[in-house]
2 protein chains.
Amino acid sequence: MPKSPGQILKNKSGYKINGSLWIEFKGLRFFGPGPVELLLLIRETGSIRQAAKKMEMSYQKAWAIIKTLNGQSSQPLVIVQSGGKKGGGTELTADALELISYYTQLRKRFESFLQNETKRMGAG
Amino acid sequence: MPKSPGQILKNKSGYKINGSLWIEFKGLRFFGPGPVELLLLIRETGSIRQAAKKMEMSYQKAWAIIKTLNGQSSQPLVIVQSGGKKGGGTELTADALELISYYTQLRKRFESFLQNETKRMGAG
DNA sequence: TGGCGTTATCTTTTATAAAAGATAACGAAA
DNA sequence: TTTCGTTATCTTTTATAAAAGATAACGCCA
């Protein structure tokens, strides 16, 4: 009877199966945990700059993500305005909210998978 | 009725759900696709150096991986010998083979998950 | 018109990881 | 004891990504 991974590895427990999930297009990933967090913070703050700051991401990178996302969707996911009442601002479209919701549920199903596999690893 | 991701994103098709899987210990991953490929090539070539070369990895990095793997398992996964008949050599233990087999099967189950989710994304 | 905070977009600097280079040690065999 | 190809382990260089810095533009409002 072959050993289970749990028997092969040191420190009987403390191991787990983990992973990352994303939507990719033509082999390169364009929607994953990072963009999701950014979008959520934009919804919360109404500003790309403030959102980026909250997650300790540079504004330039945040803006690049937004640009990519808008470029990949039929209609913009994010409406940006420079200048105006409070200097400008940013808001999400319904499509963006829908995409966030989709990814959240997808991730939840993935968590189940991971939890199940972690159990399986220990038992053998 | 809300849009499906497939409707939100451009180019109706060409998208897929993809991801990565690994075993982690105390938050840091230590066994994933890279180490697996390396072990397989070591089994094939009998040499860390040749294995590293085949997968275009530097010897130094390959050796660091081996060191970590051996350190994390109850018994060594890889038996290395410097000097000797042909200058030295490396071979895998039964535990290593078992771990490779485990990961391979795990990845296979993950592939099913991904394929299923990709379908689901399109349909909505 | 001038001020404000934001978006938009450069260029330059910094940090991090990967690779490369160099060299010693190993141990069997000729 | 010399040779060989490997392991073992430094230090140095290179490549890549991320961040930082700088500056213009935007458009409302006082």
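Below, each value reflects all heavy atoms present in this structure, side chains not excepted, and no hydrogens, waters or symmetry copies. Numbered from 1 within each chain, the chains take letters A, B, ... in sequence-line order.
- Of the possible polar contacts, one joining the B:Thr118 side chain to the B:Ile17 backbone as a donor-acceptor pair under 3.5 Å is found.
- The 5' end of DNA chain D is approached more closely, in terms of each residue's nearest nucleotide, by A:Ser58 than by the other of A:Ser58 and A:Ser82.
- Closest approach of B:Ala51 to B:Thr45, counting heavy atoms only: N-OG1, 3.8 Å.
- DNA chain D is contacted by B:Ser47, B:Ile48, B:Arg49, B:Gln50 of residues 43-56 of chain B, taking any non-hydrogen atom closer than 4.0 Å.
- With values rounded to the nearest 0.5 angstrom, A:Phe31 atom CZ is found 14.5 Å from A:Glu24 atom CD.
- Annotation: the span from B:Gln7 atom CD to A:Ser74 atom OG amounts to 9.0 Å, rounded to 0.5 Å.
- Here the options are B:Val78, B:Ile79, B:Thr93, the test is side-chain contact (heavy atoms from CB on, under 4.5 Å), and the partner is B:Asn70; only B:Val78 passes.
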N/O donor-acceptor pairs under 3.5 Å from side chains in residues 52-60 of chain B, not counting sequence neighbours:
residue	atom	partner	partner atom	Å
B:Lys54	NZ	B:Glu44	OE2	3.1
B:Ser58	OG	B:Lys61	N	3.3

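- For A:Gln115, the CD atom sits in a loose shell: 12 or fewer heavy atoms of surrounding residues, nucleotides or ligands are nearer than 6.0 Å.
- Aromatic rings from A:Phe110 and A:Tyr103 are positioned such that their centres are separated by 6.0 Å or more.
- Residues of residues 59-79 of chain B that place a heavy atom closer than 4.0 Å to DNA chain C, in numerical order, are B:Gln60, B:Lys61.
- Linking Ile, Leu, Val, Met, Phe, Trp and Tyr whenever their side-chain heavy atoms come within less than 4.5 Å puts A:Leu40 and A:Leu99 in one cluster.
- Between B:Tyr102 and A:Met121, the closest heavy-atom pair is OH-CB, 3.4 Å.
- Proximity of residues 83-91 of chain B to DNA chain D (heavy atom under 4.0 angstrom from any strand atom) is restricted to B:Gly83, B:Lys86, B:Gly87, B:Thr90.
- Atom CG in B:Leu38 sits 8.0 Å away from atom CG in B:Leu69 (nearest 0.5 Å).
- Of all nucleotides in DNA chain D having an atom under 4.0 Å from a heavy atom of chain B, the first and last in 5' to 3' order are D:dG5 to D:dC10.
- Remark: B:Glu111 pairs with B:Arg107 by the salt bridge (charged side-chain N to carboxylate O under 4.0 Å, His left out) rule, at least two apart or across chains.
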